[in-house]
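Atoms within each ligand, like the ligands themselves, are counted from 1 in listed order.
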Amino acid sequence: MIDDFEYHSPKSLSEACKLLKKYNGKAQILAGGTDLIPMLYHGHHGRRAPKHMINIKNIPKLNEISFTETSGLTLGALVRFNDIILSKTIQNNYPILVEVSSRIGSHQIRNLATIGGNLCNAAPSADSAPILIALDSTVTLTGPGSKKRTLRVEEFFKGPGKSALKPGEILTRITVPPIKPNMGMAYAKHTTRKALEIAVVGVAGLVQLEPDTDKCIEARIVVGACAPTPLRVPAAEALLKGKILNEHNLDSASAAAAAATAPISDVRGSADYRYDMVKVHCKRVLELALQRAKVRTDLINDVGS
Ligand SMILES: Cc1cc2nc3c(=O)[nH]c(=O)nc-3n(C[C@H](O)[C@H](O)[C@H](O)COP(=O)(O)OP(=O)(O)OC[C@H]3O[C@@H](n4cnc5c(N)ncnc54)[C@H](O)[C@@H]3O)c2cc1C
């Protein structure tokens with residue numbers, strides 16, 4: 001049984017923001033509904049079922065994907081994970097986003113689930129978050145009166161089920177900066193089964209190498225599902241920056257990443273198990289990111305010669 005609610009289907013962003021503000025605290029945005037609809041039946045993190053449901057799928061342009069080499073990739077909030085997987089632009093320029101999207105839910109879920117909904121649901125295990133944070137992505141939030149603000153994805157997560165959205169605000173787009181030459185990245189999702197499973201541990205890693213020397217000039221490590229929010233670990237990144245990456249410093253960074261987490265024990269795994277899995281996957285992700293950064297270097301050198 002679910003409680004009655006009033007359904008709204010605004011045709012513009014300003015109308016949607018007005019409704020959201022008017023029913024403040026009693027309304028929720030409906031995107032793909034894959035988090036929201038189950039929540040109506042089961043409840044979640046103590047959240048109450050909304051009295052007003054505001055479907056944003058009839059608002060034009062929220063499902064657009066655009067890319068330029070200078071400003072990077074822009075994803076409308078309603079872009080679904082299967083749209084990402086099928087986009088030639090994303091396949092060519094951000095293959096990591098195709099990899100990450102392919103690990104979400106099932107084909108049916110990916111046909112409905114939006115990237116905006118994944119972030120706004122603010123689950124610590126949200127699969128899109130670690131890689132978006134590692135890529136230094138931002139979200140644009142639009143509020144009443146078309147007032148816009150931009151936040152780094154890192155700042156958007158405030159706690160389990162809590163985001164930086166203010167009353168009347170809607171997440172409208174996500175911007176992913178261009179990927180620099182000699183950057184490599186990877187994401188590992190540890191699950192107890194192969195599909196339809198949320199992450200026990202998720203780890204995104206990114207390294208950028210100095211051309212010719214192979215010295216690491218940028219490193220980013222982000223752990224999902226092991227703290228109240230996806231967790232970037234600058235202390236672990238610092239152990240890699242300025243160094244030639246080897247077994248020893250990858251081990252140290254992976255240990256530092258695990259040490260920074262605050263995992264809980266639940267049905268998917270104990271805190272100790274999560275801690276160990278962060279260490280294991282962080283090292284694997286960094287090794288793969290390093291390998292990919294080197295391949296890119298080779299490709300670029302080939303083109304130039
Ligand atoms: C069987 C199953 C498997 C799943 N597997 C995974 C998985 O592997 N990995 C994973 O990360 N998630 C998984 N999920 C969770 C879910 O599918 C994703 O989080 C999905 O991306 C949510 O997007 P949605 O469009 O369906 O959001 P909705 O359910 O429509 O909304 C989610 C929340 O965000 C709010 N919201 C949505 N869009 C906006 C917006 N633009 N602005 C402001 N607020 C907004 C809604 O009000 C709601 O509170 C799974 C869910 C199910 C049911």
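- Side-chain contact check for Ser102 and Glu99: no donor-acceptor pair (N or O, by modelled atom type) lies under 3.5 Å.
- Contacts between Glu197 and ligand 1, counted as non-hydrogen atom pairs separated by less than 4.0 Å, involve the backbone only.
- Counting only N and O atoms by type, the side chains of Tyr273 and His190 include a donor and acceptor under 3.5 Å apart.
- Relative to atom 13 (C) of ligand 1, the option among Ile198, Thr34, Ile174, Leu196 with the closest non-hydrogen atom is Ile198.
- In terms of polar-atom proximity, defined here as any N/O pair under 3.5 Å, Ile56 makes no such contact with ligand 1.
- Here the side chains of Ile221 and Cys282 are in contact, with some heavy-atom distance below 4.5 Å.
- Shown in contact with Ala126 at under 4.0 Å from a heavy atom are these atoms of ligand 1, numbered in order with element: 11 (O).
- In Lys189, the part holding a heavy atom less than 4.0 Å from any atom of ligand 1 is the side chain.
- When the options Gly105, Ala27, Cys120 are ranked by their closest heavy atom to atom 6 (C) of ligand 1, first place goes to Gly105.
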| Step-by-step ring pair (Phe, Tyr, Trp, His ring centres under 6.0 Å) determination, His107 to Phe81 | CA-CA 9 Å; His107 188 70; Phe81 290 109; over 10 Å; no

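- Ligand-side atoms of ligand 1 in range of Ile170: 41 (N), 42 (N), range being under 4.0 angstrom from any heavy atom.
- Distances below 4.0 Å separate heavy atoms of Phe81 from the following atoms of ligand 1: 21 (O).
- Near Ile109, meaning under 4.0 Å from any of its heavy atoms, are these atoms of ligand 1: 1 (C), 2 (C), 17 (O), 52 (C), 53 (C).
- Considering backbone and side-chain N/O atoms, Ala31 comes within less than 3.5 Å of an N/O atom of ligand 1.
- A donor atom on one side chain and an acceptor atom on the other are not found under 3.5 Å apart for Thr140 and Thr172.
- Ser137 places no side-chain N or O within donor-acceptor distance of the main-chain N or O of Ile133, the cut-off being under 3.5 Å.
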| query | Between Glu169 and Arg149, is a salt bridge (Lys or Arg N to Asp or Glu O under 4.0 Å) present by the stated rule, with each step listed? | reply | CA-CA 10 Å; Glu169 275 185 336; Arg149 58 189 185 114; 2.7 Å; yes

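- Contact check for Pro50 versus Phe5: no side-chain heavy atoms found under the 4.5 Å cut-off.
- No part of Thr172 comes within 4.0 Å of ligand 1, judged by heavy-atom distances.
- Here Lys189 does not pair with Glu197 in a salt bridge; the nearest charged N to carboxylate O distance is not below 4.0 Å.
- Proximity annotation for atom 46 (C) of ligand 1: of Ile37, Ile29, Leu141, Ile29 comes nearest, heavy atoms only.
- When each of Ile179, Ile84, Val100, Leu75 is tested with Tyr94 by the rule side chain to side chain contact (heavy atoms under 4.5 Å, CB included), just one qualifies, namely Ile179.
- Residue contacts with ligand 1: Thr114 is placed with a nitrogen or oxygen under 3.5 Å of a nitrogen or oxygen of the ligand (distance criterion only).
- At a heavy-atom cutoff of 4.0 Å, ligand 1 is contacted by the side chain of Ala77 but not by its backbone.
- Checking Leu30, Asp35, Leu119 against atom 18 (C) of ligand 1, the nearest heavy atom belongs to Asp35.
- Ligand 1 has a nitrogen or oxygen under 3.5 angstrom from a nitrogen or oxygen of Leu36.
- Per-residue contacts place Leu165 under 4.0 angstrom from the following atoms of ligand 1 (heavy atoms of the residue considered): 43 (C), 44 (N).
- For the pair Ser101 and Ile85, the tightest heavy-atom approach, listed with the atom from each and the gap, is CB-CG1, 3.7 Å.
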